[in-house]
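Predicted model only: the values in this text are computed from it and were never measured. In the text below, chain A, chain B and the rest are named by the order of the sequence lines, each starting its count at 1.
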Amino acid sequence: MTNKLFIYNTLSRNKEQFEPANPPFVGLYACGPTVYGDAHLGHARQAVVFDVLYRYLSHLGYRVRYVRNITDVGHLEHDADEGEDKIIKKARLESVEPMEVVQRYLNRYHDNMRLLNLIPPSIEPMASGHIIEQQQLVEKILDAGYAYEKNGSVYFDVARYSESHPYGRLSGRKTDDLLANTRPLDGQSEKNNPLDFALWKKADASHLMKWPSRWGEGYPGWHLECSVMSTKYLGIPLDIHGGGMDLLFPHHECEIAQNVAGFGEPAVRFWMHHNMITINGQKMGRSLGNFITLEEIFTGSHRLLEQAHAPMTIKFYILQAHYRSTLDFSNQALQASEKGLLRLLKAVAAIGSLPAGRDSSVDVDELSRRCGEAMNDDLNTPILISHLFEGVKWINEIQEGRASLVQEDLKKLKELYDTWLFSILGLQMISPGDSGKGISGELIELILQLRTEAKNRKDFEAADRIRAALNDLGVVIMDRKEGTDWEFSKDA
RNA sequence: GGUCGGUUUGCCGAGUGGCUAGGCGCUGGUCUGCAAAACCAGUUACAGCGGUUCGAAUCCGCUACCGACCUCCA
């Protein structure tokens, strides 16, 4: 497992060597958000994980088409029979057009993603823009005999399907178990079987978002959009389909069933699922109401937050855990990430001014190799980051004169960070200059000159007073051998 | 209830049989007028019990606790 990329495939529950179906092209699809509210930490994890995958595949030389959908219709609030579309519900609450809700939260989502320095997907299709295609897939499934129409709605026939195909393979479920453990539905269900799911739902007169179809006015079921849009833009089979573990069942299971029924094959080669962010040991989610939005984190406005955190801190915090592990939120964890990231970035910023040595006491090539090895092992970003800190140690030691690198190796070290830290992990330098309550750098320099003069007179009381006053204004002073350095404190 | 997963040092979090990740914190030291920063050193854990093995955090079994999914959720 050295120079080949291995990815954990949920289908096999094993790490498998990744090869695209049609090299050098890679089709990557990830389930994106339903835009009826602000993105929270969990959405950030989804986006960060697949952004890194996208970047890494590109780094390996693949030509990747990355598709991330936007769900703007068809997502039911409760049970499929009695549900109300989430977007519509929000629109009613806010007395606006459904598409106004979609647009508002989509814009905000994009703002958040930009702050996290994520590369926009190649294509970001919306469910509402693919109604015709979704209807076509419903017809195919009907023609194949795996669905039935009832009162203007169309349902997938799970029982029929599972006679000849394994339903539940991805999520490790058995149809019998599912049947035994499904709650009986309230009222009179139209569905033949509780396991059946909606492909097309009839819309009554009051429904805001609906489209004409041969079954009457209605709207598509949620699972349909991903089957349609992933295959439309990435073909069959497509290489990687990702999403949160909470989508494994029923969403992705239904997708596979739809694909097999409609296209004759499962369509997806690798299924990747990232784990959840937890808070107090519980999953952070919209339904539990225990989520913290990205906006709240960036501004520090949530009651559980002790301070605001920069987008890069959030990203670093996410990348310090492996994507298949749960990641627990806490102020302490976030602060630890922030400090670590600042130390890392500080060292990296200093590479350019390191003196070249006559020989190299450490092996940059070896470190670089290990970075690749970490990523090849199912995107082990925590290990990659630990290697990047190894380099930090070197940089600091070179500054202290206790290690050395020849010019060429210094250049390689710089390239190492350009590649792994900036290009693949997609982290950015945090510029502290925009904080500090509008004090100009020149003014600070002037004051520091006065302080240096005071120090030279041995008037330490004055020097300390100046330092304390500047500190209150958010300016941190560091006396070095070469002179006094300063920076705006992070929470100024 | 069913299925699946987890329990790692003060905190976060890697690690699938021997080579004691990493970050944060803490302690001591170097440097400094003092701080800060930086560096050095220390902080050595794997829920419990039993088994396999020359050797287990890592494999097997049991127990306890936690969680995810089974309804929408990244």
Taking the side chain of [X] as heavy atoms from C-beta outward, which of [options] is closest to it?
X        : options             : result
A:Ala321 : B:G2, B:A74, B:A14  : B:A14
A:Pro250 : B:U71, B:A14, B:C40 : B:U71
A:Lys86  : B:C72, B:C69, B:G67 : B:C72
A:Phe249 : B:C70, B:A74, B:G15 : B:C70
A:Met478 : B:G15, B:G67, B:A36 : B:A36
A:Ala463 : B:U71, B:G33, B:G2  : B:G33

Would you mind classifying the nucleic acid contact of [X] as base, sugar-phosphate or nothing, using non-hydrogen atoms under 4.0 angstrom?
X        : result
A:Arg169 : nothing
A:His40  : base
A:Lys393 : sugar-phosphate
A:Ile277 : base
A:Leu247 : sugar-phosphate

Is the base of [N] touched by the side chain of [X] through a donor-acceptor pair closer than 3.5 angstrom?
X        : N     : result
A:Asp479 : B:C34 : yes
A:Asp464 : B:G33 : yes
A:Arg467 : B:A36 : no

Using only side-chain N and O atoms of [X], determine if any of them is under 4.0 Å from OP1 or OP2 of [N].
X        : N     : answer
A:Arg173 : B:G2  : no
A:Lys283 : B:C69 : yes
A:Asn275 : B:G5  : no
A:Ser325 : B:A14 : yes

Please state the [atom1] separation for the pair [N] and [M] - nearest whole angstrom.
N     : M     : atom1 : answer
B:A47 : B:G10 : P     : 13 Å
B:U9  : B:A45 : C1'   : 4 Å
B:C62 : B:U52 : C1'   : 15 Å
B:G6  : B:G15 : P     : 11 Å
B:G42 : B:G55 : P     : 30 Å
B:U27 : B:A21 : P     : 23 Å
B:G61 : B:G67 : C1'   : 23 Å
B:U20 : B:A14 : C1'   : 13 Å

Task: A:Gln17 atom CD, neighbour heavy-atom count above 12 within 6.0 Å - done: yes
- [ ] Count the heavy atoms of every other residue, nucleotide or ligand shown that sit under 6.0 Å from NZ of A:Lys210, and state whether that count exceeds 12.
- [x] yes
Looking only at atom types and distance, does a side-chain atom of [X] sit under 3.5 Å from a main-chain N or O of [Y], one as donor and one as acceptor?
X        : Y        : answer
A:Asn331 : A:Leu304 : yes
A:Tyr219 : A:Leu208 : no
A:Gln258 : A:Phe156 : no
A:Arg13  : A:Leu170 : yes
A:Asn290 : A:Lys283 : yes
A:His322 : A:Asp378 : yes
A:Asp377 : A:Asn380 : no
A:Arg45  : A:Met276 : yes

TODO: Provide the Watson-Crick or G-U wobble partner of B:U30, both distances under 3.5 Å; none if there is no partner.
DONE: B:A38
Can you tell me the distance, in whole Å, between the [atom1] atom of [X] and the [atom2] atom of [N]?
X        : N     : atom1 : atom2 : value
A:Leu170 : B:C70 : CG    : C1'   : 14 Å
A:His273 : B:G6  : NE2   : P     : 17 Å
A:Asp196 : B:U71 : CG    : P     : 13 Å
A:Lys346 : B:A36 : NZ    : C1'   : 9 Å
A:Trp486 : B:A36 : CH2   : C1'   : 16 Å
A:Met276 : B:G6  : CE    : C1'   : 15 Å
A:Met245 : B:A74 : CE    : C1'   : 12 Å
A:Gln399 : B:C40 : CD    : C1'   : 15 Å

Open item on the list: Heavy-atom nearest nucleotide on RNA chain B for A:Asn380 versus A:Glu397: which residue maps closer to 5'?
Closed with: A:Asn380
TODO: Map A:Asn14 and A:Glu461 onto RNA chain B by nearest heavy atom, then report which one ends up closer to the 5' terminus.
DONE: A:Asn14
- [ ] Would you verify whether the NZ or CZ of A:Arg173 falls within 45 degrees of the ring axis of A:Phe249 while also being under 6.0 Å from that six-membered ring's centre?
- [x] yes
TODO: Specify the residues of residues 43-55 of chain A, ordered by number, for which at least one heavy atom lies under 4.0 angstrom from an atom of RNA chain B.
DONE: A:His43, A:Gln46
Open item on the list: Strictly under 4.0 angstrom, non-hydrogen atoms only: write out the protein contact profile of nucleotides 20-29 of chain B, one letter per nucleotide from the 5' end, B, S or -.
Closed with: -BSBSS----
Task: Between A:Glu124 and A:His110: side-chain donor-acceptor atoms closer than 3.5 Å - done: yes
- [ ] Give the intermediate values and the outcome of salt bridge (charged side-chain N to carboxylate O under 4.0 Å, His left out) for residues A:Asp479 and A:Arg451.
- [x] CA-CA 11 Å; A:Asp479 289 327; A:Arg451 178 168 172 276; 3.1 Å; yes
